[in-house]
Structures are given as C-alpha cells and as structure tokens.
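So the structure is just underneath, and the comments pick up after that.
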Amino acid sequence: MPELPEVEVTRRSVAGGLLDARVLEVRMGLPLRWPLGREPHTLAGCVCGDIARRGKYLWLPLSRGVDESTEHLPGLPAKASTAAGGLLIHLGMSGALSFGQAPLQRAPHEHFRLVTDRGDLWLIDPRRFGAVVWSTAVDAGPAARLLGGLGLEPFDAAFTGAHLHAALQRRRVAVKTALLAGDIVVGAGNIYACEALFAAGIDPRTRSDAIGRLRAERLATAIRATLSKAVALGGSTLRDFRDAHGLAGAFQAEAAVYGRAGLPCLACATPIRRIVQAQRSTFFCPRCQRR
DNA sequence: CTGGGCTCCTGTCAGC
DNA sequence: TGCTGACAGGAGCCCA
C-alpha cells in the first residue's frame, strides 16, 4: 500500500507526538520481514528525535537517555540506556502506524509497539511485509544497507528531467518497471507510477531508453505533481491505510487509471486497459498514452 | 551488470 | 453457503 505519499502522511501524523518522547518499553508481536536486531528492552530510556523519511522508509532517531524502568540500587545513578541510533521503519504492503490510542479491532496484527511517556506507537501490519530495524545510524549498519541503493527523492532539486532522461537511457526495461525499481527516483509505487505515466501521456510499455528528453521532462514533472497531490489528499486508502490518527486518504477517488480497468478514460472515454508488467498490474489509457 | 521471476504473509473477492 | 484461485499498496534475493 504505502507509497511515498502514504509514508509522508504517516510521518507528519506521528512527528509531533513522538518528538522528545521517552521510550518506556518496546513490545514485539509476530516476526516482521526482518528482526529488530537488538534486544527490545535495551531501548527503554531512549529519547525520540525528529522522524524523517527516505523513500518509503521512516527513520526514527533515538538518543541515549536514562532507563527509569530499570531497577537500580538506592544511591546509585539510574542505569544509562546503552542505545543510541534509531529505528528504520518500513510499512511493507499493508502496514500502518497508529499513535496515541490503541487501534481499533487490529489486535491480531499489532506486531510492534513503542510505549512512550507521550503515548504509544503501534505498527499494524496484517501481511507482515513491513519491518522495524535497529541501526546505530541512518548512514551506517542495516539502515545504510537498506537505503544505500535508493534513487533520488522526487522533490530533491537534483531530480530533474535531464537526470531522469540520463538514467532512463541506461535501461532497456519498460519505463514503468524502471520507475518501480526505485533506484532512479524513489516513492512512486504501483498506483503513482501508473498515474504519473498517464499524466505524462506515456505508454507504460515504452522502453525506458526510448524516452526522449522532452518526455522525460514531462514525466519528472508528472511524478512530482502526482505525489504532491496525493500527499495533500492524505494518500490513497485502498484497504488498510490510515494515518497515525486513523484518518483515511482520499487520492484513490482521484485516480485516473489505477483500478479503473474497463472504465472510460476520463480524458477520451477509451476503456482503460489492465496489463501485467513484472508481476504487477499496470493500468493505462491506450489512446492518451503513447509509445 | 542487467533483467526476470519468486518469495515472504494474510485478507478479500469473484466465480463455480 | 462453501471452496478455490487470483490478486493486493513492496522490494530483497537468486538465477540465467
């Protein structure tokens, strides 16, 4: 589910509540995609920093604090938490964060819970493709390994039509497959890649190295426009997605092609087609989108 | 190195 | 009503 807009909406909805919150306890449920990589109890006492986003990952910095829950002898100082680093969080296909109050009717799918003095943060993830991974720094250890291969942020000034064009020239896969790979530009998943290609008037089957400079420019603009509109609408809620306060997104109602197979194109009334590319559904208008 | 396919897991829905 | 198969927002990993 969660593509860049959903992850960004999630980030914004938890940032204020988590900042400066002191971790009291960490509870784990069923295994997620990867292990936490650290004993949960060693995180008690850490203080949450400003949560950041990189692609579809969230990075929650944790600074060293004092573990007040740890038993210690009278007269001796409270045991300092040994942890300093952060948590890299990915929502996978079906994940959502919830902050403050217990999520409703999700009990079997609560697989991670950060108990803090400002409220609790839950990861609800039925399919468990999501992950919460400890890393000593965002640019070291497991986080560096997972973030290392990512492409540019779509709103980074370096992500230009020229950059996209040059990157697409180096590939021979279909342009939609190249966008989904996430090593050129991050954030556009299956929904937004389809929508951006529609907005740019490009057939998703077009070989990436056949995209000219002008169309690459249009595609870069369309990716940014599609993603920013989706963020403004609170993301897309197809099934599971909610922000941390339980609010659903509204972009799904604005989708021009995604999930609209057989329905008339909003621009030309030609039936929207569904095909499969790299094991993922692709939706497009065969008339508005050209090779 | 590139590209294609498989895989993790649960839930939902269409069709019989 | 109940069973079966297809499909779902991601992306790392293995193989040719």
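Residue numbers start from 1 in every chain, and the chains themselves are labelled A, B, ... in the order their sequence lines are given, proteins ahead of strands.
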Separation of atom NE2 in A/His111 from atom P in B/dC8, rounded to whole Å: 17 Å

Ionic contact status for A/Arg273 with A/Asp203, cut-off 4.0 Å: no

Distance-only donor-acceptor test (3.5 Å): side chain A/Arg280, base C/dA8: no

Ring-ring centroid check A/Tyr192 A/Phe251, cutoff 6.0 Å: yes

A/Glu6 vs A/Ser236 side-chain heavy atoms within contact, under 4.5 Å: yes

Separation of the P atoms in C/dC3 and B/dC9, to the nearest angstrom: 23 Å

Distance-only donor-acceptor test (3.5 Å): side chain A/Arg128, base B/dC9: no

Gap between atoms CG and P, on A/Leu91 and B/dC9 respectively (whole Å): 19 Å

Euclidean distance, atom CD of residue A/Gln279 to atom C1' of C/dC14 [Å, nearest integer]: 14 Å

Between P of C/dC7 and CZ of A/Phe283, the distance in whole Å: 11 Å

Sugar-phosphate, base or nothing in reach of A/Arg33, heavy atoms under 4.0 Å: base

Phosphate OP1/OP2 of B/dC9: any A/His109 side-chain N/O under 4.0 Å: no

Touch class at under 4.0 angstrom, heavy-atom based, for A/Arg274 against every strand present: sugar-phosphate

Comparing A/Trp34 and A/Tyr258 on DNA chain C - which has the more 5′ nearest nucleotide: A/Tyr258

Nearest-Å distance for atom pair CG/C1', residues A/Asp125 and C/dG10: 11 Å

Carboxylate-amine/guanidinium contact A/Glu25 A/Arg27, below 4.0 Å: yes

For atom CG of A/Leu179 and atom P of B/dG3, their distance in whole Å: 14 Å

C/dG12 OP1/OP2 closer than 4.0 Å to side-chain N/O of A/Tyr57: yes

A/Phe129 side-chain proximity, nearest of C/dG10, B/dT10, B/dG3: C/dG10

A/Lys176 and A/Arg205, any side-chain heavy atoms less than 4.5 Å apart: no

Atom-pair distance (CD1 on A/Ile184; P on C/dA11), nearest Å: 15 Å

Rounded distance in Å - CG (A/Leu4) to P (C/dG10): 11 Å

SB check A/Arg113 A/Asp120 (cutoff 4.0 Å): yes

A/Arg171 side chain, from C-beta outward: closest of B/dT10, C/dG10, B/dG3: B/dG3

Secondary-structure stems, DNA chain C, at least 3 Watson-Crick or G-U base pairs under 3.5 Å: B:2-8 with C:10-16, B:10-16 with C:2-8

Selection from B/dC9, C/dA11, B/dG3 that lies nearest to any side-chain heavy atom of A/His90: C/dA11

Along DNA chain C (nearest heavy atom to each residue), the more 5'-positioned of A/Arg127 and A/Arg145: A/Arg127

Single-linkage hydrophobic cluster A/Leu197~A/Phe284, side-chain heavy atoms < 4.5 angstrom: no

Heavy-atom check, side chain of A/Arg22 versus side chain of A/Thr116, under 4.5 Å: no

